[in-house]
Structures are given as C-alpha cells and as structure tokens.
Amino acid sequence: MPKLTINNRIKEQRLKKGWTQEFLANALNVSRSTVSSWEVGCNYPDLETIVLISDLFGVSLDILLRGDVDMIKSTSRKTRHFKIYKVVALLLGFLIVAYIGYNWKLQHDENNYRDNLSFYGWTVNNKVQGDGNGFELKQGRMHFFTHVMPTGVIGIPLSEQKRTIIVRQNNLVVQVMAKQKYEIILSTSNDESVPVTGSIAVDNHVNLHEDKRMSATKIIKIKSYLAKYQSEYQDMINQGHKRSLQLASGKTR
C-alpha cells in the first residue's frame with residue numbers, strides 16, 4: 001500500500017471533489033503545473049497554501065499532514081529559515097537606519113561647525129590646504145588654524161573628522177584636540193633649544209605626559225623647556241580650548 005503523504009492526499013481530495021488540476025490551481029491562484037508538481041511529490045505547497053487547501057477541501061490540517069514526516073520536516077525547516085531571515089532583515093534594517101541617522105548627525109555637526117566658524121570671524125585659508133576646508137583666525141599675537149573634513153555619504157566616524165585647533169604664537173605651536181587633550185608641536189628648525197622634534201602630550205597646565213620610551217635625560221630636558229615657556233603655552237592652551245568650545249557649541253552665541 002503506498003505511503004500516504006500530503007501529495008497523495010491533495011490528489012485524493014481533489015478527485016473526491018471531482019475537480020481538475022486546473023480548477024484547483026485557479027482556486028488557489030497558482031499554475032496547473034504547480035498543482036501537478038505537488039501531486040507527483042516534486043515539491044510541497046507552503047504553509048499558507050496548505051491552510052487554503054484545507055479550507056477548500058473541508059478537511060483539517062491534521063488529516064492533510066498526518067504521517068507525512070518529510071512534509072513536517074520541510075515545513076519546520078522553512079519556518080526556522082524564515083525566522084533566521086526575519087532576524088537578519090531586522091538587523092540589516094537597524095544598521096541602515098543607524099547609518100542614516102549617524103550620517104545625518106555628522107552632517108549636522110559639520111554644518112554647525114562651519115556656521116560657528118563664520119560667526120566667530122574665521123576665514124578660509126587655501127595656503128595651508130587648497131580644498132577650501134581650511135580656516136584661520138588671527139587675534140593679537142596668536143594665529144589659530146582648523147580644518148573641516150566634508151562628511152559626504154561616509155556615515156561612519158573617521159579620525160580625520162575629529163576637529164582640532166592648532167594655535168601658533170611665534171615659534172610655539174599647540175594642538176588642541178577633543179576631550180581636553182593637548183599636544184605641543186616641537187621643531188628644532190624653529191628653535192635650536194628645542195630638545196626633541198615631534199609632538200609631546202601635556203595636560204591643561206602644561207605638565208608633560210611622560211612616555212616610557214623617553215629616556216630620563218630627555219624628560220628632564222623637555223620639562224625644562226616647557227617650564228621656560230610655561231606661561232605662553234598655558235595661554236595658548238586656554239585660548240585654543242575656548243575657541244574649541246565655541247565652534248562645537250549647539251548654536252552660535
């Protein structure tokens with residue numbers, strides 16, 4: 001006796017009703033070849049269609065599916081895959097929304113920064129960077145520089161987008177960064193008394209953040225140099241920090 005499967009039961013119930021494959025196909029809004037493939041066991045109808053078939057034939061789902069282990073396994077597998085696809089789709093949707101939202105924030109912050117640059121009298125400086133995104137401000141003996149990297153459609157934070165302000169006074173140079181981080185830029189070409197060439201990290205009181213790679217002799221020389229210009233560097237840090245807060249503010253004031 002042949003094993004009864006949903007494929008056999010569809011054909012059996014269809015014949016009991018006296019329906020042709022084409023008639024059943026029209027009732028289910030599928031092609032006749034689809035109904036034929038069900039009945040010969042090439043594939044299975046999906047869950048939604050099985051429910052429609054159950055209603056059309058007036059038989060319970062239990063009768064249609066009883067004993068058809070393969071169909072139950074197939075249905076279970078499809079359900080599991082659907083759940084996985086659903087989770088993936090939701091995660092992808094969340095990432096897209098997050099990407100769009102963060103991109104909007106980056107553009108908003110950039111526009112706000114540019115507006116404040118204009119408000120506080122900064123002007124474009126194409127001598128340093130000829131892309132029209134470099135700005136400078138001269139006040140007394142101090143000369144301030146900053147650069148704005150266009151957001152475009154990047155939508156992700158980049159180190160280049162962390163806006164800094166460079167403060168120059170004669171041969172002294174300080175870089176004011178986010179989160180109250182400061183670096184003093186040293187160059188022997190500007191001052192022969194400079195103990196090293198490069199940048200050294202300091203706090204807002206011009207105290208050196210010691211690097212373990214520095215020798216004790218070098219640390220002593222750097223501290224001596226910083227003490228010599230402590231007043232100037234302190235003023236430059238204060239002024240640079242003040243302007244950093246102005247440019248990062250939510251609205252011009």
Side-chain angles (χ1 to χ4, degrees), residues 106 109-150 157-253:
L106 290 176
D109 291 345
E110 179 192 336
N111 291 335
N112 181 73
Y113 197 76
R114 290 180 184 275
D115 288 344
N116 284 346
L117 283 167
S118 175
F119 182 83
Y120 288 106
W122 291 67
T123 57
V124 174
N125 181 352
N126 285 321
K127 294 180 181 178
V128 178
Q129 289 177 305
D131 56 4
N133 295 305
F135 296 83
E136 66 177 346
L137 176 69
K138 294 181 179 179
Q139 290 193 341
R141 293 174 299 168
M142 291 188 192
H143 198 172
F144 304 87
F145 301 89
T146 190
H147 181 265
V148 183
M149 178 181 176
L158 299 174
S159 59
E160 293 87 345
Q161 290 171 320
K162 294 180 180 178
R163 299 179 184 104
T164 63
I165 292 179
I166 295 175
V167 187
R168 183 184 296 274
Q169 181 175 289
N170 299 324
N171 292 329
L172 307 182
V173 182
V174 171
Q175 183 170 240
V176 177
M177 299 171 287
K179 299 181 179 180
Q180 297 187 2
K181 293 183 178 181
Y182 312 97
E183 286 185 350
I184 290 177
I185 313 300
L186 302 176
S187 174
T188 54
S189 62
N190 295 329
D191 186 348
E192 293 182 357
S193 67
V194 173
V196 295
T197 295
S199 61
I200 57 172
V202 297
D203 63 16
N204 60 330
H205 296 296
V206 203
N207 296 312
L208 175 67
H209 289 314
E210 295 185 15
D211 190 328
K212 294 181 179 180
R213 295 170 295 181
M214 293 181 181
S215 66
T217 302
K218 183 176 287 186
I219 290 175
I220 292 173
K221 288 182 178 180
I222 292 174
K223 286 185 175 180
S224 176
Y225 176 82
L226 293 179
K228 179 181 178 181
Y229 296 103
Q230 198 274 341
S231 177
E232 289 88 342
Y233 278 130
Q234 181 72 76
D235 191 25
M236 292 167 70
I237 287 175
N238 291 341
Q239 292 299 320
H241 183 64
K242 174 184 176 181
R243 280 153 184 79
S244 178
L245 292 177
Q246 286 178 340
L247 298 178
S249 63
K251 59 174 69 175
T252 54
R253 57 185 185 274

**Study point:** Pairing residues for N111 by the side-chain contact (heavy atoms from CB on, under 4.5 Å) criterion, not counting sequence neighbours
**Key:**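 Result, side-chain contact (heavy atoms from CB on, under 4.5 Å) vs N111: none returned.
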**Study point:** With I220 via side-chain contact (heavy atoms from CB on, under 4.5 Å) - residues at least two apart
**Key:**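 If we apply the side-chain contact (heavy atoms from CB on, under 4.5 Å) test to I220, skipping adjacent residues, there are no hits.
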Check your understanding: Does R243 count as lying over the ring of Y120, i.e. NZ or CZ under 6.0 Å from the six-ring centre, within 45 degrees of the axis?
Key ->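 Negative - R243 is either too far from the ring of Y120 or too far off its axis.
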Roughly how far, to the nearest 0.5 Å, is the [atom2] atom of [Y] from the [atom1] atom of [X]?
{"X": "K181", "Y": "Q175", "atom1": "NZ", "atom2": "CD", "value": "12.0 Å"}
{"X": "Q234", "Y": "N207", "atom1": "CD", "atom2": "CG", "value": "9.0 Å"}
{"X": "I200", "Y": "L208", "atom1": "CD1", "atom2": "CG", "value": "5.5 Å"}

Got [X] and [Y] here, is their nearest side-chain heavy-atom distance under 4.5 Å?
{"X": "N170", "Y": "R141", "result": "no"}
{"X": "V194", "Y": "N171", "result": "no"}
{"X": "I184", "Y": "V206", "result": "yes"}
{"X": "E110", "Y": "Y113", "result": "no"}
{"X": "Q239", "Y": "V167", "result": "no"}
{"X": "I185", "Y": "I166", "result": "no"}

Review point. Who passes ring-ring contact (aromatic ring centres under 6.0 Å, His included) against H209, sequence neighbours left out?
Key: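 Partners of H209 by the ring-ring contact (aromatic ring centres under 6.0 Å, His included) criterion come out as none, since no residue qualifies.
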Check your understanding: Is the H143-F145 ring centre distance short of 6.0 angstrom?
Key ->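 Yes.
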Review point. So, the side chain of N116 versus the backbone of Q246: is there a donor-acceptor pair under 3.5 Å, distance only?
Key: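 Such a contact is found between N116 side chain and Q246 backbone.
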Review point. Quick one: does T197's side chain have a donor or acceptor within less than 3.5 Å of a partner on S187's backbone?
Key: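 Between the backbone of S187 and the side chain of T197 there is no qualifying donor-acceptor contact (under 3.5 Å).
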Check your understanding: Can you list the steps and then say if E210 with K223 is a salt bridge (charged side-chain N to carboxylate O under 4.0 Å, His left out)?
Key -> CA-CA 10 Å; E210 295 185 15; K223 286 185 175 180; 2.7 Å; yes
